[in-house]
Amino acid sequence: MKVSWLSFALAGSVSAFWRLECHGRSGVARIDPLVNPGTPASHAHAIHGGNNFGFSSGYDDLRASECTSCSVKEDLSAYWFPPIYFEHSNGTIEMVPQVGGMLVYYIQIGDNVKAFPRGFSMISGDTRRRNFTGPIPDLETSVWTAEEQTQSSLEGKALGFNCLNYNRDAERFGSRHFLPTKDYMDENCKDGIRLELVFPSCWNGKDTESPDQSHVAFSSLLQGGTCPEGFETRIPTILFESIFNTNAFNGVPGRFVIGNGDPTGNGFHGDLISGWEPDFLQGAIDQCKDASGQQSACPLFTIQDEETEQNCKIDLPSEIRDEDCLRPGNQMPGNVQIYDGPGYAPPPGSTAPPASTTAPPQTLSLGYTPGELVITDNGGDVITIAKAALPGEMIPASTLTPNAAVLPAGGEAQPSNVALVNAESEPAPPPPPATTTTLVTSTKVWANIVATTTFTSAGAVYEVEIEEVYVTVTETQTINPIVKRMEAEKGIARMLHHHRNAHRHAI
Ligand SMILES: *[C@@H]1O[C@H](CO)[C@@H](O)[C@H](O)[C@H]1NC(C)=O
Ligand SMILES: *[C@@H]1O[C@H](CO)[C@@H](O)[C@H](O)[C@H]1NC(C)=O
């Protein structure tokens, strides 16, 4: 075991959630009944869920699905988003392989979370957006100003591109709101890019849909925080994740473009139409609160096997049946125009040539930022230290160094100064003493708890264990205060492993 660094971490109190695993993909096609009802959509989507999905599908159609490409048989919802494409320098375009399907998190944030009513649909993100104006990386949620909490700002922060490298510390969920540059991805993202998207979780309580999405709103901290006036009804906080193997194009000249013609990533978006029977979903919200988030921990769900999910496909409408959205040739599916921004993109399908721009594409890249520290004590002898963003933790409750240095390939991470800040807490608990920065490269580590203390933040009690970590090979001793949540930590560590493994099987 190699321990590259140790530091603190503390997550906010974890809300109850379940993680719906969609191992299958029902299709990649130009279908979007919300944005382009009745006709082929302007651009291609990766589509998961109930298979009775077409140009005009609604709740009843989805309920009439023969199958779903997700795991829970009772859920016939449809989930869709534009996939990542690669445009070779000679102009040939192909879709980047999607790895392992997608995950849909159902997180219960706030009191009295209500199930989606019949016919409920929503969209997160704006396909025409082409710039991100917020601080990079995000500020801690505890210091978000009113400007940081406008719906437009929240919408821009609701999407993320996580640079995956399983040999390194995981990035935090939602820490980058634009595609990294190709060079950065070639250098750092050996396991691809994980698309991340959080949906509005506040509802006006009456309209099940609206053309401009005015029936829903983001909560003030995206997750956590408060709902704006008029949107007081809490619905489950939905979060999409899907991995694309961008590393298949490592060293290949060209650029990545989201399926909607967006090379910046700012215009990434996703849609859903609920296909749950509302009473059933309410039952799951009320009863399925296992801290592990495992869908199998919910006694109400009928979980089907992966093969059944993978065999579940949409019967495509004849207009688009012969369209190859995986290898579309020398133009994007739907011939959607690629537009760099930074201005608002012309409406899809508009015949006006895209406004030319001399502004360079967004080239900012985040440093490779460590994620959450998770400690697993395998029987007292060896501790396994892994870092990964926790589910439902999309805003880092941390003080990250802006533009933190990019790690050398295979190198050691620098300890990050993760402050003890609960996303909803005010005031923040006092930070622990600074970690020593000694890097340990030993193959074996023992840990002794030398002190224990507790503090309370936002109503949750945290246990702080001060561990003395012994490293045999280097003979370096490092005293590290390790902050542990009292509950659920091991379960989540196990789930994170499970989650990663689940994503390694290609569709
Ligand atoms: C463009 O390059 C790709 C990758 O080398 C290749 O597969 C494709 O056939 C080329 N397209 C044309 C039109 O030459
Ligand atoms: C950034 O995008 C917004 C729309 O999302 C647009 O109003 C604004 O003009 C853009 N900024 C620049 C510098 O083009």
Side-chain angles (χ1 to χ4, degrees), residues 35 42-43 81-97 123-136 138 145-161 174 176-179 182-183 185-186 197-200 211-214 216-218 222 244-271 324-333 335-350 352-364:
V35 177
S42 60
H43 57 260
F81 57 89
I84 307 181
Y85 284 85
F86 185 70
E87 183 190 36
H88 291 269
S89 52
N90 66 7
T92 295
I93 292 172
E94 60 182 302
M95 192 182 120
V96 175
I123 299 174
S124 181
D126 180 350
T127 186
R128 296 173 63 187
R129 185 186 281 263
R130 290 294 184 278
N131 65 58
F132 178 75
T133 51
I136 300 171
D138 290 350
T145 58
E147 195 188 341
E148 289 278 335
Q149 297 180 38
T150 63
Q151 290 295 309
S152 174
S153 172
L154 294 166
E155 181 186 71
K157 292 191 288 254
L159 56 100
F161 297 89
R176 181 193 292 102
H177 313 299
F178 44 83
L179 266 176
K182 175 82 168 47
D183 286 348
M185 285 159 75
D186 283 358
L197 185 66
V198 179
F199 279 71
D212 57 357
Q213 299 304 302
S214 58
V216 287
F218 292 103
L222 276 175
F244 284 77
N245 182 19
T246 48
N247 201 48
F249 302 93
N250 199 331
V252 180
R255 64 171 171 174
F256 293 105
V257 182
I258 311 294
N260 55 332
D262 174 14
T264 69
N266 304 128
F268 180 62
H269 59 278
D271 307 47
D324 186 352
C325 286
L326 303 182
R327 296 186 165 274
N330 62 1
Q331 58 184 34
M332 297 287 288
N335 194 18
V336 65
Q337 297 304 299
I338 298 175
Y339 182 74
D340 272 341
Y344 204 48
S350 75
S356 69
T357 170
T358 51
Q362 206 157 13
T363 54
L364 293 163

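Only heavy atoms go into these numbers, but all of them, side chains included; no hydrogens, no water, no symmetry mates. When a ligand or atom number is given, it counts from 1 through the structure's own listing order.
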Revision key, fill the gap. Quick note on ligand 2: atoms under 4.0 Å from a heavy atom of G343 include exactly 14 (O)
Review point. Which residue holds the protein heavy atom closest to atom 13 (C) of ligand 1, what is that atom called, and what is the gap in Å?
Key: T92 OG1, 3.7 Å
Point to revise | Identity of the nearest option to atom 4 (C) of ligand 1, non-hydrogen atoms only, from H88, E87, E94 | key: H88
Check your understanding: Can you check whether I84 reaches I258 side chain to side chain, under 4.5 Å on heavy atoms?
Key -> yes
Review point. Which atoms of ligand 2 sit under 4.0 Å from any heavy atom of P342?
Key: 1 (C), 2 (O), 10 (C), 11 (N), 12 (C), 14 (O)
Exercise for review: Kindly state if atom 9 (O) of ligand 2 has a protein heavy atom within a strict 4.0 Å cut-off, that is, under 4.0 Å?
Suggested key: no
Study note, to complete from the structure: Looking only at protein heavy atoms, what sits closest to atom 1 (C) of ligand 2 is N131 ND2, 1.5 Å
Point to revise | Close side-chain approach of C325 to Y85, heavy-atom, < 4.5 Å | key: yes
Check your understanding: Closest non-hydrogen protein atom to atom 5 (O) of ligand 2, residue and atom name please, with distance?
Key -> Y344 CD1, 3.6 Å
Practice item. Note the single closest protein heavy atom to atom 14 (O) of ligand 1, along with its residue, its atom name and the distance in Å. Key: N90 ND2, 3.5 Å
Exercise for review: Might you work through the side-chain contact (heavy atoms from CB on, under 4.5 Å) test for H88 and V252, ending with a clear yes or no?
Suggested key: CA-CA 8 Å; H88 291 269; V252 180; 3.7 Å; yes
Review point. Does the side-chain contact (heavy atoms from CB on, under 4.5 Å) test come out yes or no for Y344 and D126, once each step is laid out?
Key: CA-CA 10 Å; Y344 204 48; D126 180 350; 2.6 Å; yes
Review point. Do the non-hydrogen side-chain atoms of P135 and E148 ever get within less than 4.5 Å of each other?
Key: yes
Exercise for review: Apply the test side-chain contact (heavy atoms from CB on, under 4.5 Å) to residues F249 and E94: give CA-CA distance (whole Å), side-chain angles for both, the deciding distance (0.1 Å), then the verdict.
Suggested key: CA-CA 11 Å; F249 302 93; E94 60 182 302; 3.5 Å; yes
